[in-house]
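Take a look at the structure below.
Note that ligands are numbered from 1 as they come in the structure, with each ligand's atoms numbered from 1 the same way. In this text, all values refer to a predicted model and were calculated from it rather than measured experimentally. By convention here, the first residue in the shown sequence is residue 1.
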Amino acid sequence: GGLIVSFGEMLIDFVPTVSGVSLAEAPGFLKAPGGAPANVAIAVARLGGAASFVGKLGDDEFGHMLAGILKENGVSADGVNFDKGARTALAFVTLRADGEREFMFYRNPSADMLLTPDELNLDLIRSAKVFHYGSISLIVEPCRSAHMKAMEAAKAAGALLSYDPNLRLPLWPSAEEAKKQILSIWKTADLIKVSDVELEFLTGSDKIDDESAMSLWHDNLKLLLVTLGEKGCRYYTKNFRGGVDGYHVKAVDTTGAGDSFVGALLCKIVDDHSIIEDEARLKEVLKYACACGAITTTKKGAIPALPSHSEVLTVLNGAQ
Ligand code: ATP
């Protein structure tokens, strides 16, 4: 199949060994590799697609461990650079007893933020049929310039551009800046996926409905998706709109559900972009993507929980 290149950050989440504690109360932490763009690349590979991750890691044990995880999962690391001076990014993440996620990032600066435009593997980026990215790589230079150059090179070479903003407010200098920068690259994307929370943030409306979703529409957009957690997703194209229900599962950790959803979608459309124009086929693909998202919530961590194609089929057949 055609190559899906995912651009951005890969890092290690440190998650408490016990649930429902604050970061300060946690008795210990487990390493959980992540970073949304890296998760998407691994999600694609696990489903049988061709994926490559582009980004920068520290030239340290954690950086090489992460590159190893990409390769073990069948993701090409030909676009990965290692920084001699800066460390691989770390994030301490906990789900507190009140259900709120608490993040503490170690990025001062971390290697991912130091990717320069000159370091990009442009041959790799130009060979992408789909180029996927988020917004964390827009926060600081020189990574921001690298992001812009990679995006433009992929677009010029004819790739479909896929954007999942993946809002992480604590990483931005302010909410206004986050909104402004996230929207600054809005109109370059062919496909955009936002969560319900991001829809509210970007529109400034507390309503999650078709009207607020459509306020995010732009003329060159081919597909807008709003994911709704256990309630599935809504889809919008130039010619039709609708929804796909979620699957009932016993969720233990929702980390990576959105990335799994995106990976599945990209895997299905990479070789046939016309699916986006055919509502019946698009709906089938979105059911598949929702099943992937649901499965990902049933196991702890993002990467260990990403399903294979046969696991998804089992869920889809069981639901019929
Ligand atoms: P992330 O936690 O990775 O940031 P997100 O907020 O981008 O995720 P969600 O809306 O949480 O995205 O999830 C993406 C998809 O995964 C949903 O559209 C749905 O199909 C599936 N999903 C997520 N949570 C659940 C759940 N609790 N039960 C069933 N399916 C779920």
Inset, instruction - Could you give me the CA-CA distance, side-chain angles and deciding distance for F29 and L90, then say whether side chain to side chain contact (heavy atoms under 4.5 Å, CB included) is met? - result: CA-CA 12 Å; F29 295 89; L90 309 180; over 6 Å; no

Legend entry - V249: numbered ligand 1 atoms lying under 4.0 Å from its heavy atoms: 28 (N), 29 (C)

Inset, instruction - Check ligand 1 against A251 and write out every atom of the ligand that is under 4.0 Å from a heavy-atom position of the residue. - result: 27 (N)

Inset, instruction - Provide, to 0.1 Å, the distance between atom 7 (O) of ligand 1 and the closest protein heavy atom, together with that atom's residue and name. - result: K193 NZ, 2.5 Å

Inset, instruction - Pick, from C233, A291, G258, A264, the option with the minimum heavy-atom distance to atom 1 (P) of ligand 1. - result: G258

Legend entry - Exercise: identify the closest heavy-atom pair between E25 and V21: OE1-CA, 3.6 Å

Inset, instruction - Indicate the atoms forming the closest heavy-atom contact of L169 with A178, along with that distance. - result: CD2-CB, 4.0 Å

Inset, instruction - Would you mind finding which of E230, K231, R234 brings a heavy atom closest to atom 26 (C) of ligand 1? - result: E230

Legend entry - Identity and separation of the nearest protein heavy atom to atom 16 (O) of ligand 1: G293 CA, 3.3 Å

Legend entry - Minimal non-hydrogen separation, I276 against F240, with atom names: O-CZ, 3.4 Å

Inset, instruction - Could you check atom 13 (O) of ligand 1 against the protein and tell me its nearest heavy-atom contact, residue, atom and distance included? - result: A257 CB, 3.7 Å

Inset, instruction - Could you list which atoms of ligand 1 come closer than 4.0 Å to a heavy atom of S195? - result: 6 (O)

Inset, instruction - For the residue pair F105 and F103, categorise the inter-ring angle as parallel (less than 30°), tilted (30 to 60°) or perpendicular (more than 60°). - result: parallel

Inset, instruction - Test D253 against T255 for side-chain hydrogen bond (donor to acceptor under 3.5 Å, both in side chains), laying out the working first. - result: CA-CA 6 Å; D253 177 5; T255 310; 2.6 Å; yes

Legend entry - Smallest separation among heavy atoms of D60 and A86, with atom names: OD2-O, 4.4 Å

Legend entry - Polar contact flag for N166 and ligand 1 (N/O pairs, less than 3.5 Å): no

Inset, instruction - Evaluate the ring planes of Y163 and W186, with Trp represented by its six-membered ring, and classify them as parallel (under 30°), tilted (30 to 60°) or perpendicular (over 60°). - result: perpendicular

Inset, instruction - Could you find the nearest protein heavy atom to atom 29 (C) of ligand 1 and give me its residue, atom name and distance? - result: Y247 O, 3.0 Å

Inset, instruction - Identify the protein heavy atom lying closest to atom 10 (O) of ligand 1, giving its residue, its atom name and the separation to 0.1 Å. - result: G229 N, 2.8 Å

Inset, instruction - Write out the residue and atom name of the closest protein heavy atom to atom 2 (O) of ligand 1, then the distance separating them to 0.1 Å. - result: T254 O, 3.2 Å

Inset, instruction - Would you check if I42 and D259 make a side-chain contact, meaning some heavy-atom pair closer than 4.5 Å? - result: no

Inset, instruction - Tell me which protein heavy atom sits closest to atom 18 (O) of ligand 1, plus the residue, atom name and distance to 0.1 Å. - result: G232 O, 2.9 Å

Legend entry - Residue R87 excluded, over 12 heavy atoms near CZ under 6.0 Å: no

Legend entry - Close-contact set for ligand 1 against G256 heavy atoms, below 4.0 Å: 3 (O)

Inset, instruction - Consider every N or O of T255 and every N or O of ligand 1, then say whether any pair is closer than 3.5 Å. - result: no

Legend entry - Heteroatom distance test (T227, ligand 1): nitrogen or oxygen, under 3.5 angstrom: yes

